[in-house]
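Data first, discussion second: the structure below is written as structure tokens.
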Amino acid sequence: HPTALGSDGTVVPLTATNPTPSHPKLGVTLTTAVLTAGRDGTRPAIRTDASWTSGREITVDGRPFSLKDGVWTASADTTLDGSNTPAMDRIVLSDGTSHPIAWNTPEASDGRIAMTGTSAGETGGQRWLVTVTASRTPDRTRLDQAIAAGRAKLDDRDADRTADSVRTLRDAIAAAAALDPTATDDETRQAADRIDTAMRNLTDLTWSVRVDGRDVPLTRTAPHVWSLTADAATRPVARLTATSNDPTLDPAAMDGETKTRDDATRTLGVLDRTGTTTYRHRSAGRTLTVALSWRQTVGTPVALPGGVAAHRGTDGVWTATITGTLDPNGRPDITSLDLGGQSAKVTYSDPSGATGGTLRRTGLAEGELRATGQRYRITVNATTPIDTGELRALAARQRRAMQPGAHHWHAKDAEAMTRLLDETDRLLKDDGATPAAVTDLYARLNRATLTATAWTVDGRPLTWHEQED
């Protein structure tokens, strides 16, 4: 209780009237009042104005509160982590009390992410409100670099890549560019990772063709240009189809243009044909070229009788000489040749050589093989032995039998024998006589007989006198 102290040491209790409290600071109370004491016989009445304070100022983070519209307000700052989570979820006032913070959603401005929150309460009848701001400056350097690198890849007009891989990169860049400015560090990193992955997974566009039953890739030699030079085991097809690793692209059909060179010098009936077939395709700014070198064996080797091999002369004609036989009538056993499926007629000369003991005929087959264009000339030497000794001996015997003259024999027999002997003379001089002709004439001459003419006089036979005939 307030008191008044007199100079004589008298203590007088005072009574406060009309005390009026006020709050100059949060947590501080200023009271104003009139202090009085009644008059008594020893002292006069006492009256005086007085004021006093109580409590201690409350602050937040060392910052004082200020009164606005009946509410004590203050501000506080804190930080956001990479996930946009404030560093604190409660405030602690200087009086030691802890109060929860109600946070709003983050917002971005001028390259910073900020989140505001409030904490409110009442202390000694005084209402207070603390506004807390949590903020951070995000580092989007890697994301910006990834977007720039990805766009540079997309802007490379010389690149040839599959549509799917390009679309994946384009989508990743679009998603990153549209990323909310308040994105967390994880979201930013993931967006950059998606771009990096899409760039690594950009797939070069490739083309391949099927050669000899296997897929052979073309080589990219320039922007939008692919080519292949290879050897093929056989002559390739007239149309070749190139396929790519991009399912959005249709196969490229290519018609071939062939240039050939023929070499028919190895074997009769076989043509070694070498050539190059070039295929080209142009569409959508792309050029595909395939050149296939190949070797083709045309025809089949000609197998001549007796295993005789034909040889190519300096004039380019294939020649061979084979041996045949003649039958008794002088007909050759080889009348045609099978030249690898193509029949060649053999044309023979007339028979000769009979007077020497061997009948001969020379045959010739010549022409050009349709399959290979090779010219050929095949000679056939057909022979058969001919023996005229028995015919000669028989003719000599028959001539002796005719002695001394035809008038000794029946005219019919003598004429027949004479004709046969004349025929024998001609045959033995004929160089083209055949064994069959010799055999036939021998048989007819051997069958010929002579019947002697008998003379009688009055029934009595006359006797022939050889010397006088």
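The first residue of the sequence shown is numbered 1, and numbering continues consecutively from there.
If you check the side chains of Thr260 and Arg273, you find no donor sitting under 3.5 Å from an acceptor. Side-chain contact annotation: Arg200 with Thr197, donor-acceptor N/O pair under 3.5 Å present. In this model, no donor atom of one side chain and acceptor atom of the other lie less than 3.5 Å apart for Ser244 and Asp246. Between the side chains of Asn104 and Thr116, at least one donor N or O lies within less than 3.5 Å of an accepting N or O. Between the side chains of Asn84 and Arg136, at least one donor N or O lies within less than 3.5 Å of an accepting N or O. For the residue pair Asp333 / Thr325, a side-chain donor-acceptor distance below 3.5 Å is found, with atom types taken as modelled.
Counting heavy atoms from C-beta on, the side chains of Leu240 and Val290 come closer than 4.5 Å. Between Thr258 and Arg235 there is a side-chain heavy-atom pair separated by less than 4.5 Å. Taking the side chain as every heavy atom from C-beta outward, Leu205 and Trp226 approach each other to under 4.5 Å. Taking 4.5 Å as the limit, some side-chain heavy atom of Gln342 sits within range of a side-chain heavy atom of Leu369. Between Thr319 and Thr379 the shortest side-chain heavy-atom distance does not fall below 4.5 Å. With contacts defined as side-chain heavy-atom distances shorter than 4.5 Å, the pair Thr188/Gln190 does not qualify. Looking at Val298 and Val270, their side chains never come closer than 4.5 Å, going by heavy atoms from C-beta outward. Considering only heavy atoms from C-beta on, Asp89 stays 4.5 Å or farther from Ile101 through its side chain.
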**Message:** Checking Asp186 against Thr184 for the side chain to side chain donor-acceptor pair (under 3.5 Å) test, could you report, in this order, the C-alpha distance in whole Å, the side-chain angles of both residues, the deciding distance, and whether it holds?
**Reply:** CA-CA 5 Å; Asp186 282 347; Thr184 66; 5.3 Å; no
**Working for side chain to side chain donor-acceptor pair (under 3.5 Å), residues Thr434 and Asn329** = CA-CA 6 Å; Thr434 66; Asn329 291 307; 5.0 Å; no
**Message:** side chain to side chain donor-acceptor pair (under 3.5 Å) for Arg112 and Ser135? Distances and angles first, verdict last.
**Reply:** CA-CA 7 Å; Arg112 288 184 62 78; Ser135 63; 2.4 Å; yes
**Prompt:** So Arg360 and Asp350, salt bridge (charged side-chain N to carboxylate O under 4.0 Å, His left out) or not? Walk me through it.
**Reply:** CA-CA 8 Å; Arg360 295 182 175 86; Asp350 293 334; over 6 Å; no
**Request:** List the steps and the verdict of side-chain contact (heavy atoms from CB on, under 4.5 Å) for Ile386 and Val438.
**Result:** CA-CA 8 Å; Ile386 184 168; Val438 171; 3.8 Å; yes
**Prompt:** Given Thr274 and Arg295, is the side chain to side chain donor-acceptor pair (under 3.5 Å) satisfied, shown in steps?
**Reply:** CA-CA 4 Å; Thr274 58; Arg295 179 182 297 273; 5.7 Å; no
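One finds a salt bridge joining Arg142 and Asp196 here, because a Lys/Arg side-chain nitrogen approaches an Asp/Glu carboxylate oxygen to under 4.0 Å. Ion pair Asp77/Arg63 flagged as a salt bridge, since at least one NZ, NE, NH1 or NH2 atom sits closer than 4.0 Å to an Asp/Glu carboxylate oxygen. With respect to Arg140 and Asp185, no salt bridge is recorded, no charged nitrogen being found less than 4.0 Å from a carboxylate O. One finds no salt bridge joining Asp156 and Lys153 here, because no Lys/Arg side-chain nitrogen approaches an Asp/Glu carboxylate oxygen to under 4.0 Å.
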Atom pairs and distances, side-chain donor-acceptor, residues 214-223, under 3.5 Å, sequence neighbours left out:
residue	atom	partner	partner atom	Å
Asp215	OD1	Arg210	NH1	2.9
Asp215	OD2	Arg210	NH1	3.4
Arg220	NE	Asp160	OD2	2.7
Arg220	NH2	Asp158	O	2.4
Arg220	NH2	Asp160	OD2	2.8

Kindly list each side-chain donor-acceptor pair under 3.5 angstrom involving residues 28-37, sequence neighbours excluded, with atom names and distances?
residue	atom	partner	partner atom	Å
Thr29	OG1	His23	ND1	3.3
Thr32	OG1	Thr20	O	3.4

Scan the side chains in residues 165-173 for donor-acceptor partners under 3.5 Å anywhere in the protein, sequence neighbours excluded, and list what turns up.
residue	atom	partner	partner atom	Å
Ser165	OG	Thr162	O	3.0
Ser165	OG	Thr162	OG1	2.9
Ser165	OG	Thr203	N	3.2
Arg167	NH2	Asp164	OD1	2.2
Thr168	OG1	Asp164	O	2.9

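Annotation: ring-ring contact (aromatic ring centres under 6.0 Å, His included) contacts involving residues 91-137, sequence neighbours excluded, comprise His99-Trp128.
Scanning for side-chain contact (heavy atoms from CB on, under 4.5 Å) contacts around Arg239 gives Ala253, Asp255, with sequence neighbours left out. Partners of Ala174 under the side-chain contact (heavy atoms from CB on, under 4.5 Å) rule, at least two apart in sequence or in another chain, do not exist in this structure.
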